[in-house]
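Bear in mind the structure is a predicted one, so any value in this text is a computation, not a measurement. Letters go in sequence order (proteins before strands), and every chain restarts at 1.
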Amino acid sequence: SRLTMSESDDDKPLKSSKKEPKPEEDDDDVPLKKAKSSKKENVQSQVKEENAPTAAKESKKKKKTKRKRGDDDDDDDDDDEEDFDTRKKKAPAKKEKSSKSSSKSAKTDGKGQPKKPKKEVKVEPVYEWWKDEQPLAQGKKWRFLEHNGVIFPPNYEPHGVKMKYDGQIISLTPEQEAIATMYAAMSRTDYAGKDVFKKNFWKEFSEKLGKNHAIKDLENCDFQPIVDHLDAEREKKKALTKEEKLKIKQAKEKTEAPYVTVVLDSHLEKNGNFRVEPAGLFRGRGEHPKMGQVKGVIQPEDITMNCSEDACPPRCSLPGHAWQSLVHKDEQTWLAFYKDTINGEFKYVFLSAGSSLKGQSDREKFEKARELKKHVARIRQRITQGLKSSGLEMQQNTALWLIDNLAIRAGNEKDTNEEADTVGCCSLRVEHITLGTDEEGPTIYFNFLGKDSIEYKNLVKLRPKDEEKAKEGEENPCVSFVREGEEKNFRRVVENMRSLTSNSKKPSDDVFDQLNTSSLNTYLKDLMPGLTAKVFRTYNASFTLDQELYKLEDHPEKSSFLRNDATQLKFYNDANYQVAILCNHSRAVSKTFDSQVEKMDEKIKGLHEELADLKKKKKSADNKEQMKKKIANLEERISKQETQKQIKLKLAGVALSTSKVNYLDPRITVAWCKRFGNFPLNKVFNKSLITKFKWAIDEADEDWRF
DNA sequence: CCGGCCGACTCAGAAACTTATAA
DNA sequence: TTTATAAGTTTCTGAGTCGGCCG
């Protein structure tokens, strides 16, 4: 569905935007007061009742006054955009179409073919906190919080399928069977081949088996019967009719409904992760020393609940059980937490990404990055100075240069007995760095495992004078050129790195032996209040997007880009790609990738043959005009296929979504869409992002810049 | 005063699931 | 049309960051 964007003439700075009556707020106050006075009575149902008709009212209002883009032919029907932008209904109806988007309307009218109507997109209603005028006291996150706690996975049901050992059929107790089944479930993953995984699993499994058990080792275990059973179960589930599946889904929705929403102050919010993690084998990333360990069952006794004092506390759904404790911490955003059984890590239940609590802190994050923008020139001057000094100051500023220029993470210390051995800036070791030179000057090659054990391989060098070579490097994701103006600093950084990785150090020694993240952040606090290392990542990601996107402003092909959604989208994605490369956001390449590309090649080849054929026929054809049309058509299909293939190759191992979700100020995207031909936002933001970034959609007009 | 642990939050890619598209 | 596959979306939970507190 295409969600239209208003011309934003009605977008006002945050504070003054409350121009609409907000019935839901007034309505909501009623049940809240009721709840408070009657105390300990669940107010959720009341709030819901009050909210629901309000939402309906809202949408009806909207429908009446909603403008449609001329090109919104297929999917923009009825109610799919009702929650998108409540304020656009006040926008002057004519202006948008007649001015900016005129060229676009013309174009899209043409291609508005009788497509199957797309499934309508429902955007979740969002509490519009940015229009709220009553800020909470410093540090407070809510006045009232009521929820129903968490939902537990079902107890393990023994299936009775027997595994084999040394060819013999073995009977297991339900407890033993449970963890054997966890192992069987992972038999086709990469973990199954890893020694650490097997060793850790065997330790637990053999303990559960007890002394003198018939099973003596993992080597001769045969889990295949259980694997087959799991496969069969999956098949059974798949073979259910549509109706049966729907019934199961609806039943699930019904049981989960009480947990989906919570009451926060006087409105409803979506819960994020109210399902307690089921038991299973731990799947650490990379070479995690604890992979294969059993992640135990979580009981209510492990869980701490958080709600307000005057709320009805969550009931424990498991009979005979009770929560570990109930607290009322209004300076915290979590609803519940427990500790996992692997490393004792905290597992929190939080509100969803679209909630006001998440939205507010998200906005604060981007505002802080924008604050850095104001200070960055000065801070970079300071770094330039610091690079020339020695000792701690040199280390601090060299590290900062890397963080600022390469978007490397801060790099906390890690205990490699408990976690995988990965590094960031402060924890870089000599073995991760290779210094060199090429025709342009010095180079640094980074090769280390970062967060999630994702490889970071980057040859950092000066931009070649030769345009051809520069272009080549630009297209190589493993090469990056030093930012313009930073050439001198880079040479200094290389020298510093040379001394920091000198022969007196072992490969396993720290590069920045005097640094840790907390001292580095203390140093940053002096440069700008609230500044920490991670802000540079946010800042540089968002700044890069803004810069790249606004190159469209005086792009020679601007008008043709604006006329075509596909090319304009590609322009956006190319900018997004730059950020993904900067931040080293990657994703696994599909196992069938090669065959997919092969298929594409064949298709392109087929089209070329078809084209040659047509051209031949054209010579002897009666209707030359018609043939010409056909040829042009085919040529377009070929070029479309070819760009598709290029995009596919380029994005094979690159994830664009991570930066979109976490690093890119959504207002950049919103403003760009509004500015450039009123580009449909839903082509770049999916439903979740539109919900998550509703605040930004409301806030940013076409002139907004990061 | 600082180092290490605790606690709370953001960020991360894989897996599971759903929808769109091609054959 | 039906069906297979690819693309897109959501869920899941692991892995970081960073402030604060305590000994």
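When the C1' atom of B:dA8 is taken as reference, atom CD of A:Gln332 falls 7 Å away, rounded to whole Å. Atoms CZ (A:Arg537) and P (C:dA15) sit 17 Å apart, rounded to a whole Å. A straight line from CZ of A:Arg363 to P of B:dC9 spans 20 Å, rounded to a whole angstrom. Spacing between atom NZ of A:Lys414 and atom C1' of C:dC18 amounts to 16 Å, rounded to whole angstrom units. Taking atom CG of A:Leu656 as the reference point, atom P of B:dG13 lies 11 Å away to the nearest angstrom. The distance from atom CD of A:Glu345 to atom P of B:dT10 is 17 Å, rounded to the nearest whole Å. In this entry the distance linking OH of A:Tyr539 with C1' of B:dT10 reads 21 Å, nearest Å. Atoms CZ (A:Arg285) and C1' (B:dA15) sit 10 Å apart, rounded to a whole Å.
Taking 4.0 angstrom as the limit, A:Thr532 places none of its side-chain polar atoms (N or O) nearer than this to OP1 or OP2 of C:dT17. For A:Arg275 and C:dC12, the shortest distance from a side-chain N or O to OP1 or OP2 is below 4.0 Å. The side chain of A:Lys329 contributes no N or O atom lying less than 4.0 Å from OP1 or OP2 of B:dG7.
For A:Arg370 and A:Glu367, the salt-bridge test passes: some basic side-chain N is under 4.0 Å from an acidic carboxylate O.
Taking the six-membered ring for Trp and thresholds of 30 and 60 degrees, A:Phe337 and A:Phe346 have ring planes inclined between 30 and 60 degrees apart. Ring orientation note: the planes of A:Phe685 and A:Phe693 are tilted relative to one another, at an angle of 30° to 60°.
Using a 4.0 Å heavy-atom criterion, one finds that A:Lys534 contacts the sugar-phosphate atoms exclusively.
Taking the side chain of A:His288 as heavy atoms from C-beta on, and the options C:dT13, C:dA15, B:dC6, the nearest nucleotide is C:dA15.
Aromatic rings of A:His585 and A:Tyr663 (six-membered ring for Trp) have centroids within the 6.0 Å cut-off, being under it.
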